Protein chains: 4
Amino acid sequence: MQESAELQPTDQREEKRRRILRAAIDEFARKGYFSARMADVAKSAAVADGTLYLYFEGKEHLLVSVFDDVLSRAIDRARTEIAGVASPLERLRIVVRLHLETLAADRSLAHVIQIETRHSRRFMNLITRGRLGEYLELLRSLIAEGQEAGEIRRDVSPGFATNVVFGAVDEIVNSWLLADDPGDLTRFHAPLMDFLSAGMVEHRS
Amino acid sequence: MQESAELQPTDQREEKRRRILRAAIDEFARKGYFSARMADVAKSAAVADGTLYLYFEGKEHLLVSVFDDVLSRAIDRARTEIAGVASPLERLRIVVRLHLETLAADRSLAHVIQIETRHSRRFMNLITRGRLGEYLELLRSLIAEGQEAGEIRRDVSPGFATNVVFGAVDEIVNSWLLADDPGDLTRFHAPLMDFLSAGMVEHRS
Amino acid sequence: MQESAELQPTDQREEKRRRILRAAIDEFARKGYFSARMADVAKSAAVADGTLYLYFEGKEHLLVSVFDDVLSRAIDRARTEIAGVASPLERLRIVVRLHLETLAADRSLAHVIQIETRHSRRFMNLITRGRLGEYLELLRSLIAEGQEAGEIRRDVSPGFATNVVFGAVDEIVNSWLLADDPGDLTRFHAPLMDFLSAGMVEHRS
Amino acid sequence: MQESAELQPTDQREEKRRRILRAAIDEFARKGYFSARMADVAKSAAVADGTLYLYFEGKEHLLVSVFDDVLSRAIDRARTEIAGVASPLERLRIVVRLHLETLAADRSLAHVIQIETRHSRRFMNLITRGRLGEYLELLRSLIAEGQEAGEIRRDVSPGFATNVVFGAVDEIVNSWLLADDPGDLTRFHAPLMDFLSAGMVEHRS
DNA sequence: AATGAATGAGTATTCATTCAT
DNA sequence: CATGAATGAATACTCATTCAT
């Protein structure tokens, strides 16, 4: 039952990588991406300044990595959790729940994801063409399936609907993030899905 | 009927202020807020570097001013246009239309408003507590009125509904802004309002 | 006899430029090009760090400028002094004398010219294709003229002879520069020209 | 007649030392001393970074070693080749020929010797007081012997004459090194020795 | 002896802002 | 009011060297 002699160093490397990522989240959240210094991140991760560059190409890559890392895990988890669920609408509900839960559980991370990550068109293009694009595509495919299954109205394009859904979720998170007394983010899940599903207009009968 | 000797210089002053603001929008859109240099803005506005500081307190204030200036006008215009309209839902529809039209007409401005203006929590707090707060409050009041008038379902808080509406609009604009072939932003107005109003779920007739 | 209102600022600018150049020579000579910090140069020139960049493009440009500046003056002076001299060999003698006198008068400058300026092939190419090339071309033309005038043997190419002459002068300067007790550099002028002219072999009377 | 068990490892050690030296020459020539990284040298020598420090004290020592190594061999070879030659002038001619041949055969080495090795006064002092001093002393002694033998004019100091000779050779090499189409360096040997010996002035038959 | 991951000192350059003219 | 030359603080990144394995 011995550990592979090769695995140990890899584990250590991975552990250090995660420590640096965590430090980056904390520092970027605390001081903002631009104000946070690489030296701060290094200190917070308890490594030397130069070590950061053995794991990440530079400051910007560190921010991209935070983003991609989180989204990769989120997407994986989402795919796992919706695996056995038949209804596309239900699947969408699950994905949004995971979205909210992930950010609810880590306010610093939420800050970095919601704000620091959107500081320039170039950077937004970068992430949109990366993992974020993948996530949006997941949403889009669920909506398209919902239309095929007759659960979702067919008279809007899936891309458009995705924007509305993502925009609504995103703003809920933003609002929670900026609130003085935010409370639990996940409490918005049900009303949000209900609102999006049923629409905001008063239905007769 | 001579012009007041005082008004003339004031007009000139206002004209120069607007020139600087326009230059800031163009430069911030072209290079991004952080990459754009004050010297760039000055050159684009055809004034000396130091002159910028006679009109604005600094670079950040320039960005705030761009934002507040646009929102002030938008809010004024919105209030004017909804003045004679009775239905709160219809009023909301008008405000959203103005929102889209304003940004559709000026892509550089849209870029600055959607992206450059959101680069840090501190800055987002700044604008949220300023003109943006006022705009959101306008949306909220329309929704509350709609609830009182029985046009909008009462089982969601107006603040929450505001977030959903604003988030959806915001994301539609973002998506348009980042698209390779964006087309006309205002074409999303009708589907968007319809989607938000009726909900995305397929209704049995 | 009033000063042109335009000249004054230009004079001030030129004066500051020269102060920075002088500071660069002193600092590069004292600490070497690589060890000298731009902050050292700025301090020595009594200007702010950033001011250096209003006058020179960067550290390397500062070094190039020291070199080009000196050689420009040397070439100008050489051309003036040989203007009324008919014999090409005598002209060559004058140019070499100026060469030695210029460096003899400023040991720090000599250090920068002889050593700091030769630190890499890239840099040597840079200066060889600049003012140094111009200087070498001057030497070459004098030698070619000497050949035409029958003063200098015709069986060597002017370029080759230039290399020998320049190499000899250069090494004399180098040797003087590295000597513990250097004495006056110009004392080598007569023997050097004599040696090059007559050759080192014992001539049978 | 077995190899000493001690000699074998020593041979291997020497072989690795030479491999590192070769790698240093190549890398310093390719990128320049300052731009070349120790990691580059290590990679080129196919050893680990740390191994360099088991053979050389540091980067600077590596450069010194390249220089000293070459000069040691050159001096040894020169002494051997002039051993049976009587005429000091002829001996000098042989030494200069070896000088040119050595550098002609290895352009990268020539680059390092001629350029990288002269980047600072400190470094020039270092090598001048080392093997280069020994080489110059060899030249000087040959010239002094030439004077005693009546082959070389007595009215210049041997040190001075050494500078002129070395300077001329050095510049010929430099010129060859920087030339776009250099050709064979050794073709300059005869004209050079002739020029130095007979002088450049046209002699009346 | 050999390795190579980790270290951390060191600095050129930018640019928002000021203020003498 | 306007100018624009001057200021100087602030920081990501490199790479020679070390040392635990």
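Values in this document were obtained by computation on a predicted structure and should not be read as measured data. Below, all heavy atoms of this structure are taken into account, side chains as well, without hydrogens, waters or symmetry copies. Letters A, B, ... mirror the listed sequences (proteins, then strands); counts begin at 1.
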Here's a test of your reading of the structure: between A:A36 and B:A48, which maps to the more 5' nucleotide of DNA chain F? B:A48
Looking at D:E15 and D:R18, is any side-chain nitrogen of the basic one under 4.0 Å from a carboxylate oxygen of the acidic one? no
Could you identify the nucleotide paired to E:dA9, looking across every strand shown and requiring Watson-Crick or G-U wobble geometry with both distances under 3.5 Å? F:dT14
Return the 5'-most residue of the pair C:E57, A:A46 with respect to DNA chain E, ranking by each residue's nearest nucleotide. A:A46
Between E:dA6 (P) and A:R17 (CZ): distance, integer Å: 14 Å
Would you say F:dA5 has OP1 or OP2 under 4.0 Å from some side-chain N or O of C:R13? no
Taking for each residue the nucleotide of DNA chain E with the nearest heavy atom, is it C:G50 or A:L54 whose nucleotide lies nearer the 5' end? A:L54
Take atom CG of B:L52 and atom P of E:dT17, then tell me their distance rounded to the nearest Å. 10 Å
If you compare every side-chain N and O of D:K16 against the phosphate oxygens of E:dA1 (OP1, OP2), does one of them come in below 4.0 Å? no
Looking only at side-chain atoms of B:M38, point me to the closest of F:dC13, E:dT17, E:dA2. E:dT17
Rounded to whole Å, how long is the line connecting atom CD of C:E14 with atom P of F:dA5? 16 Å
Return no unless some side-chain N or O of B:T51 is found under 4.0 Å from OP1 or OP2 of F:dA2. no
Mate of E:dA1 where both pairing distances stay under 3.5 Å, Watson-Crick or G-U: none
Grab the two heavy atoms, one from A:G58 and one from A:Y53, that are nearest each other, plus how far apart they are. CA-CE2, 3.8 Å
Non-hydrogen atoms of A:E116 and B:R121 that approach each other most closely: OE2-N, 4.3 Å
Among F:dG4, E:dT7, F:dA9, which is the nearest nucleotide to the side chain of C:D49? F:dA9
Considering non-hydrogen atoms only, spot the tightest contact between A:I20 and A:A45 and give its length. CA-CB, 3.9 Å
Here the distance between atom P of F:dT17 and atom OH of D:Y55, to the nearest Å, is 18 Å
Ring-face cation of C:R17 near C:F56 (centre distance under 6.0 Å, axis angle within 45°): no
Check the distance between E:dC15's P and B:E60's CD and give it to me in whole angstrom. 18 Å
Tell me the interatomic distance from A:Y33, atom OH, to F:dT11, atom P, rounded to whole angstroms. 13 Å
To the nearest angstrom, the NZ-C1' distance between B:K59 and E:dC15 comes to 8 Å
Provide, to the nearest angstrom, the distance between the CZ atom belonging to C:R37 and the C1' atom belonging to F:dA9. 16 Å
Under a 3.5 Å cut-off for both contacts, is E:dA20 paired Watson-Crick or G-U wobble with anything, and if yes, with which nucleotide? F:dT3
